[in-house]
Amino acid sequence: MKNIQNTIDKVYYECLELKQKGEVASYIPELAKVDPNLFGAALITSNGTIYGIGDYQKKFSMQSVSKVCILIQAILDSGHEKVFKKVNIEPTSSSFNSIANLELKEDNKPLNPFINAGAIVCTSFIKGDTSEEKVQRIISLIKNITGNDDITYDKNVYQSEASTGSRNKSLAYYMNSTGVLEGDIEVILDAYFKICSIEVTCEDLAKIALSIAHNGMNLNGFSIFSSIVAKELRAIMCLCGMYDGSGEFALRVGLPSKSGVGGGIMSVSLDNDGMGIGVFGPSLDSKGNSYLGIAFLEKLTTELGISLFE
Ligand code: GLU
């Protein structure tokens, strides 16, 4: 393995030279305020050594990267059977907030847990009678994995999401009409908005990714989720983690990953006894994935030879 810090530095500066950089998400007003030039990355190796570059300690909105944590907690709280009775595990060719498939598919179930409809259903399986109880379970999960006690959600982003969340509300109420989503719909939606608004750093994402590489174990050796769940997460991240850009991403990067419209990408590597990577660049491509994030991961996995398909 090459010198990791040197490789990260080289790749980072090559990415800064790129002309095309994408655009910051604007459909959530609060996210439109984020500086499009922010860019950072962190890689954590099996023994817990962290390598970072750029804005790797800057907090940003987790958005859909949280869907990985939502799935973990849904399975921990309600079990596989209940969750996967309501959510399929198939890739999508539609956008992350698409409604179309919910009606077209015979079983009306969301295609996978990493599109909005699927994550909203998974949120219904997280324990808690209030949205605050549900979001706190996710925050505790992230704290237990990362050891970062500062994890919280951003109230401004949450309010911005909740007040402009018509599409997500439509998805939820439609799924309620077909019996796929049960429970207090407003509580579930409110929890989903709060969870999307959780703030993390690249370092936090790298640590979560490492726990997925390490079959559910955190850095202190505590088992947070089972190896079966970790294996499932790696598979679902590979197939569904980058929305309808997952196929091209597999070719270019080749790591189980999950992106969010806040500009974060979390990637898992099984090489070198396991590594976790977190990247942040808020300008997005047309599919909603971080433009610089993908460029960075493509160059990094090529340099280090760590694509799954190598
Ligand atoms: N909060 C965002 C939404 O529900 C998450 C989307 C994303 O990151 O893909 O629209």
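All values derive from a computational prediction rather than experimental measurement. Order of listing sets the numbers, starting from 1, for every ligand and every atom in it.
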Numbering the atoms of ligand 1 from 1, which are under 4.0 Å from a heavy atom of Asn168?
3 (C), 4 (O), 10 (O)
Ligand-residue contact atoms, ligand 1 with Gly260, heavy atoms, under 4.0 Å:
8 (O)
Taking the six-membered ring of Tyr243 (Phe, Tyr or Trp), confirm whether the NZ or CZ of Lys258 is under 6.0 Å from its centre and within 45° of its axis.
yes
Please list the nearest protein heavy atom to atom 10 (O) of ligand 1 with its residue and the distance rounded to 0.1 Å.
Tyr27 OH, 2.6 Å
Stepwise, does the side chain to side chain contact (heavy atoms under 4.5 Å, CB included) test hold for Phe222 with Met217?
CA-CA 5 Å; Phe222 287 110; Met217 206 121 82; 5.9 Å; no
Salt bridge Lys299-Glu14, side-chain N to carboxylate O under 4.0 Å
yes
With side chain to side chain contact (heavy atoms under 4.5 Å, CB included) as the criterion, how do Asn112 and Asn88 come out once you've worked through the C-alpha distance, each side chain's angles and the decisive distance to 0.1 Å?
CA-CA 5 Å; Asn112 68 65; Asn88 288 311; over 6 Å; no
Considering only heavy atoms of Tyr192, which atoms of ligand 1 have at least one such atom less than 4.0 Å away?
3 (C), 4 (O), 5 (C)
Determine the sole option in Leu18, Ile265, Asn37, Val279 for which the side chain to side chain contact (heavy atoms under 4.5 Å, CB included) test with Leu292 is passed.
Leu18
Can a side-chain donor-acceptor contact be found between Asn289 and Ser259 if the only test is distance below 3.5 angstrom?
yes
Could you tell me whether Val261 approaches ligand 1 through its side chain, its backbone, both or neither, with non-hydrogen atoms closer than 4.0 Å?
both
Considering only non-hydrogen protein atoms, determine which one is nearest to atom 1 (N) of ligand 1 and report residue, atom name and distance to 0.1 Å.
Gln63 OE1, 2.5 Å
Taking only heavy atoms of Ser64 into account, list the atoms of ligand 1 that are under 4.0 Å away from them.
5 (C), 6 (C), 7 (C), 8 (O), 9 (O)
Quick one: does Tyr243 get a heavy atom under 4.0 Å from ligand 1?
yes
Could Lys194 and Glu132 be called an ion pair, given the rule that one side-chain N must be under 4.0 Å from one carboxylate O?
yes
Taking it one step at a time, do Leu102 and Thr178 satisfy side chain to side chain contact (heavy atoms under 4.5 Å, CB included)?
CA-CA 9 Å; Leu102 292 177; Thr178 57; over 6 Å; no
Below 4.0 angstrom from a heavy atom of Glu161, which ligand 1 atoms are there? Numbered from 1 as shown, please.
1 (N), 2 (C)
Could you tell me, atom by atom, which parts of ligand 1 come under 4.0 Å of a heavy atom of Cys196?
1 (N)
Going by heavy atoms, is Asn97 under 4.0 Å from ligand 1?
no
